[in-house]
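Shown next, in structure tokens, is the structure this report addresses.
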Amino acid sequence: QVQLLESGGGSVQTGGSLRLACAASGSTFSFQVMGWYRRAPGKQRELVAIISSGGSTTYANSVKGRFTISRDNAKRTVYLQMNSLKPEDTAVYYCYLYPDLWGQGTQVTVSS
């Protein structure tokens, strides 16, 4: 059974950076779309970024130019590099593996 384990959340000030990582167990990692979603307090979960097995990426408009998603198939890990963080980026960030597997979430807090 595939499981996802996230790491890298934390607290930073506006303009800071964080790098999230999501390690996947199991053998199907290389062939699946993966991504990051987030849920801010009082809001619905929203897409942040996704990456295909071939490396094609899609980003939410709100993070374009600041966040970068990448994957290392050999390490079965997907990353989210977050730069120029803003208070509105504060949320619980969830790793996603197509079609319906989710990580436990990691908190990102950006203070002004």
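Two residues are said to be in side-chain contact when any heavy atoms from C-beta on lie closer than 4.5 Å; R45 and Y96 fail this criterion. For the pair W102/C95, no side-chain contact is recorded, criterion being any heavy-atom separation below 4.5 Å from C-beta on. Q104 is listed as a side-chain neighbour of L5, based on a closest heavy-atom distance under 4.5 Å.
Side-chain atoms of R71 do not come within 3.5 Å of backbone N or O of V33 as any donor-acceptor pair. Although no hydrogens or angles enter the test, the distance criterion places a donor-acceptor pair under 3.5 Å between the side chain of S25 and the main chain of Q3.
Smallest separation of non-hydrogen atoms from M82 and L85: CB-CD2, 3.8 Å. Residues L80 and V48 approach most closely at CD2-CG1, 4.1 Å, considering heavy atoms.
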Listing, residues 8-21 side-chain donor-acceptor contacts under 3.5 Å, not counting sequence neighbours, or none:
residue	atom	partner	partner atom	Å
T14	OG1	S111	O	3.0
S17	OG	N83	OD1	2.9

Atom pairs and distances, side-chain donor-acceptor, residues 87-94, under 3.5 Å, sequence neighbours left out:
residue	atom	partner	partner atom	Å
D89	OD1	R38	NH1	3.0
D89	OD1	R66	NH2	3.0
D89	OD2	R66	NH1	2.7
D89	OD2	R66	NH2	3.4
D89	OD2	K86	N	2.8
T90	OG1	P87	O	2.9
T90	OG1	V110	N	2.9
T90	OG1	V110	O	3.4
Y93	OH	R38	NH1	2.9
Y93	OH	D89	O	2.6

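The only option from Q32, E6, M34 that meets the side chain to side chain contact (heavy atoms under 4.5 Å, CB included) definition with V78 turns out to be M34.
Placement of I50 and Y79 in two distinct hydrophobic clusters is found when ILVMFWY residues are connected by side-chain heavy-atom separations under 4.5 Å, directly or transitively.
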